[in-house]
Protein chains: 2
Amino acid sequence: MAKYNNNFQNLKKNYLFIEISKRISEFITKNPDVSLIRMGIGDVTLPLVPAVVEAGKKAFDEMGVKSTFRGYEDSGRGYDFLREAVGGYYKDFGVELLTDEIFISDGAKSDSGNIGDIFASDCDVIVTDPAYPVYVDSSIMGGRKVTFADFNTPIAPKDSIIYLCSPNNPTGEAYSHNELKAWVDVALANNAVIVYDAAYEAFISETDKARSIFQIKGARKCAVEICSLSKTAGFTGTRCGYTIVPNELMLTSSDGSEIPLIQLWSRRQGSKFNGVSYPVQRAAEAVFSKEGQQQIKESIGYYRKNAKIIMDTFIELGISFTGGVNSPYVWFDCPNNMDSWDFFDFMLTKANVVGTPGVGFGENGANKFRLTAFNTYENTVEAMARLKKVLLNKS
Amino acid sequence: MAKYNNNFQNLKKNYLFIEISKRISEFITKNPDVSLIRMGIGDVTLPLVPAVVEAGKKAFDEMGVKSTFRGYEDSGRGYDFLREAVGGYYKDFGVELLTDEIFISDGAKSDSGNIGDIFASDCDVIVTDPAYPVYVDSSIMGGRKVTFADFNTPIAPKDSIIYLCSPNNPTGEAYSHNELKAWVDVALANNAVIVYDAAYEAFISETDKARSIFQIKGARKCAVEICSLSKTAGFTGTRCGYTIVPNELMLTSSDGSEIPLIQLWSRRQGSKFNGVSYPVQRAAEAVFSKEGQQQIKESIGYYRKNAKIIMDTFIELGISFTGGVNSPYVWFDCPNNMDSWDFFDFMLTKANVVGTPGVGFGENGANKFRLTAFNTYENTVEAMARLKKVLLNKS
């Protein structure tokens with residue numbers, strides 16, 4: 001019975017998805033014949049594209065032959081073939097990266113949490129509210145004080161760590177270059193580090209939005225960027241992402257000496273990570289091929305079309321929302337002054353549509369609701385028809 | 001320039017493999033025609049077995065079809081099919097586990113390091129010397145004091161964390177049931193937790209050796225076990241392992257309240273990990289199939305034969321060693337009073353064979369050397385012939 005990290009006592013019990021499951025199963029038990037449409041969970045539904053599947057299979061074949069078998073990766077940071085492919089992708093929106101600044105990971109969630117290992121436990125943490133719960137929970141586990149901020153009101157206590165997510169989960173909002181520059185400027189002025197989660201970057205359709213924080217001047221001195229192929233290419237179950245750590249980003253020790261963050265992150269990963277599966281890295285490489293890019297654009301287009309259907313419905317209903325344009329998420333005010341759990345129950349029981357109560361993402365979500373575009377076209381159309389019916393009947 | 005975790009300043013610079021590479025490349029530059037035999041790195045060389053390759057490819061095919069596509073795993077702890085396969089494997093040596101006590105990971109290294117997240121930073125850490133450097137480095141990053149112990153001299157400061165590795169890397173020694181029971185008893189008596197690394201378990205050939213710490217009475221109250229398919233089935237580049245966390249194992253908070261370790265680990269993984277790639281989990285499942293087990297036994301048999309050649313050579317030379325019988329590693333006293341770097345240079349320049357200087361694994365390795373059985377049969381025979389020649393010439 002060794003002692004445990006007391007910071008775990010400060011975690012809020014997160015019953016969101018458990019409570020959602022419970023309410024759904026109670027409803028289904030009472031109404032077994034109902035056809036439920038699930039637009040709650042942020043998971044993709046389209047299969048991996050053919051280029052990715054073929055690359056993964058080919059790599060498994062290589063692993064079965066002595067002359068092409070691969071054991072440990074030398075660096076654990078990812079094979080050059082994949083890091084160079086990622087670098088090439090960034091070039092397309094004007095960001096030049098060195099291959100050594102790109103770290104291949106098993107997904108954005110791991111790196112978002114694990115990066116806490118390299119910071120002092122007394123660094124304050126800023127998280128925009130509402131937010132993906134991982135930033136808050138992993139910061140609390142590391143003993144850090146979390147302060148919430150609004151999406152577009154940059155604040156940075158001295159030496160703090162700032163988690164930004166754009167396009168945002170859950171609100172679907174994306175930073176314009178100017179908005180993001182305001183965060184970068186405040187971070188630089190206060191020796192803060194921005195951990196920038198760009199997991200939904202591939203959904204950006206408006207040209208004034210930032211595709212990467214490294215499009216912003218000064219960001220190389222204050223930001224790391226975490227990205228993932230989960231939503232870009234349907235890798236939620238295949239697991240691959242990447243983290244960009246610019247060489248210029250320095251951290252200070254308590255005695256004032258400086259060290260590049262990349263050196264600390266390399267040491268952290270060298271001691272606690274052994275790289276991503278070779279077949280998965282080859283599958284990920286195929287995402288960045290010409291063929292792969294064409295194929296994933298079709299999948300993203302499919303989800304975008306769903307998002308449009310959802311947005312059009314809310315416009316028709318006169319309900320204000322964010323997201324949808326640069327994101328697979330639509331985030332809206334619960335109608336008729338319902339709180340987010342009331343509206344969850346209303347949607348479940350009246351329209352037989354499942355969404356996510358906004359309060360699960362923070363206090364600012366208490367009267368908000370999230371729907372995702374990750375269902376089929378047919379189900380999305382049907383869900384919106386049901387929603388209109390019940391809301392127009394009610395009001 | 002946020003502040004960094006000062007504990008990183010306490011890490012020793014680990015130049016072992018950098019220094020090895022440097023000396024090798026200097027030697028090759030001067031002697032470009034030499035045929036070097038590498039028996040240093042602990043990486044496998046045989047390809048994945050056919051059952052594993054087929055399972056991985058089949059899973060990628062499933063991922064390419066909408067009806068069989070898999071997104072996020074619900075739990076992130078691993079699919080039941082794999083957890084049940086692992087549970088079945090443990091049954092073969094008399095250990096009954098609940099499926100929920102089995103956590104699928106991307107390898108032993110990640111979990112060995114990440115498990116530190118759930119412990120208080122003032123828990124003392126015990127590591128046997130010599131040891132795999134990850135236990136020491138990840139403990140230091142977490143702010144913990146590391147004390148070294150001998151392999152068979154159980155000590156456990158109150159509330160400590162004890163890293164044990166059996167069969168051991170680098171010494172190749174494996175605990176008998178009785179020897180391991182001595183560690184379990186001392187851990188139980190002092191409220192310590194044992195983190196038991198069983199990554200080389202598949203190499204055990206002697207029946208009195210423990211295959212799992214859970215074969216030992218009382219271990220369910222004081223131990224977690226970390227294992228990997230890296231050496232068992234050549235997964236060093238494919239990445240899959242598993243960690244066993246028994247329900248009975250409790251930790252205390254600073255106020256004395258108790259909580260099951262499994263609850264803390266679940267929360268840690270829930271916030272910082274999103275599960276292992278589906279195709280990799282299917283590939284791992286195939287390791288435990290009847291066909292897979294037959295095939296991997298052939299690979300292990302191949303490495304064992306190499307180990308036997310190494311052991312026979314040392315017996316013939318009258319050099320004392322450990323390992324080889326239950327491990328792919330042979331660990332021996334450097335001949336002629338050389339220290340481990342002197343002997344490295346001697347082997348490199350005179351026999352053109354690369355091994356690992358023991359000092360890289362701790363002070364107790366200062367006059368030791370590690371050779372691995374992970375090369376081809378032909379190279380192993382040739383390397384031992386060269387070794388005999390240079391040592392018999394010298395003495």
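If you're wondering where the values come from, they're calculated on a predicted model, not measured in any experiment. So that the names make sense, note that chain A is the first sequence line, chain B the second, and so on, each numbered from 1.
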I'd like to verify something: which residue of Thr238(B), Val134(B), Leu188(B) has the highest number of heavy-atom pairs under 4.5 Å with chain A? Thr238(B)
Min side-chain heavy-atom separation Val276(B)-Arg239(A) under 4.5 Å: no
Which of the residues Asp106(A), Ile161(A), Asn7(A), Thr45(A) is involved in the greatest number of heavy-atom pairs with chain B at under 4.5 angstrom? Thr45(A)
Among Gly113(A), Ser253(A), Ser110(A), Gly56(A), which has the most heavy-atom pairs under 4.5 Å with chain B? Ser253(A)
Most heavy-atom pairs under 4.5 Å with chain A, out of Asn274(B), Asn114(B), Asp137(B), Val53(B), belong to Asn274(B)
Most heavy-atom pairs under 4.5 angstrom with chain A, which of Glu54(B), Arg70(B), Arg268(B)? Arg268(B)
Which one of Gly142(A), Gly270(A), Ala55(A) has the most heavy-atom pairs closer than 4.5 Å to chain B? Gly270(A)
Nearest-0.5 Å distance, OH of residue Tyr4(A) to CG of residue Asp159(B): 13.5 Å
Which atoms form the tightest heavy-atom contact between Ser277(B) and Val280(A), and what is the distance? OG-CG2, 3.4 Å
Taking side chain as everything from C-beta outward and backbone as N, CA, C, O, which of these in Val49(A) sits under 4.5 Å from a heavy atom of chain B? Side chain, backbone, both or neither. neither
Can you check whether Lys3(A) reaches Asp122(B) side chain to side chain, under 4.5 Å on heavy atoms? yes
Please name the pair of heavy atoms, one in Pro47(B) and one in Phe69(A), separated by the smallest distance, quoted to 0.1 Å. CA-CD1, 3.5 Å
With a 4.5 angstrom heavy-atom cut-off, which part of Ser257(A) approaches chain B: side chain, backbone, both or neither? both
Side chain / backbone / both / neither for Pro279(A) at chain B, heavy atoms under 4.5 Å: both
Let me know if Arg267(A) has heavy atoms under 4.5 Å from chain B in its side chain, its backbone, both or neither. both
Under 4.5 Å heavy-atom distance to chain B, tell me which part of Ser121(A) shows up: side chain, backbone, both or neither. neither
Ser105(A) versus chain B, heavy atoms under 4.5 Å apart: side chain, backbone, both or neither? neither
Which atoms of Gln9(A) approach chain B - backbone, side chain, both or neither, heavy atom under 4.5 Å: side chain
At what distance, to the nearest 0.5 angstrom, does NZ of Lys57(A) lie from CE of Met63(B)? 13.5 Å
Report the C-alpha separation of Tyr72(A) and Val44(B) in whole Å, then their side-chain angles, then the decisive distance to 0.1 Å, and conclude whether the side chain to side chain contact (heavy atoms under 4.5 Å, CB included) test is met. CA-CA 9 Å; Tyr72(A) 289 122; Val44(B) 296; over 6 Å; no
What's the spacing between Asp117(B) CG and Met141(A) CE if we round to 0.5 Å? 8.0 Å
Cut-off 4.5 Å, heavy atoms of chain B, and the answer for Val65(A) is backbone
Under a 4.5 Å cutoff for heavy-atom pairs, which residue among Gly275(B), Ser160(B), Gly107(B) has the most contacts with chain A? Gly275(B)
Given a strict heavy-atom distance threshold of 4.5 Å, which part of Ser112(A) is in contact with chain B: side chain, backbone, both, or neither? neither
Lys66(A) and Thr376(B): side chain to side chain contact (heavy atoms under 4.5 Å, CB included), yes or no, with the steps? CA-CA 11 Å; Lys66(A) 194 167 165 51; Thr376(B) 61; 4.0 Å; yes
Using 0.5 Å steps for rounding, measure from the CG atom of Asp255(A) to the CG atom of Asn6(B). 7.0 Å
Between Gly143(B), Ala120(B), Cys123(B), which shows the greatest number of heavy-atom pairs under 4.5 Å with chain A? Ala120(B)
Distance from Glu73(B) atom CD to Thr236(A) atom OG1, nearest 0.5 Å? 11.0 Å
Interchain contact, Thr68(A) with chain B, by part (heavy-atom threshold 4.5 Å): neither
Contacting moiety of Ala108(A), where chain B heavy atoms sit under 4.5 Å: neither
Does Lys109(A) reach the main-chain N or O of Phe273(B) with its side chain, forming a donor-acceptor pair under 3.5 Å? yes
Quick check for you: to the nearest 0.5 Å, what is the distance between Phe8(B) atom CZ and Phe119(A) atom CZ? 10.5 Å
Chain B contact via Asp124(A) - side chain, backbone, both or neither, heavy atoms under 4.5 Å: neither
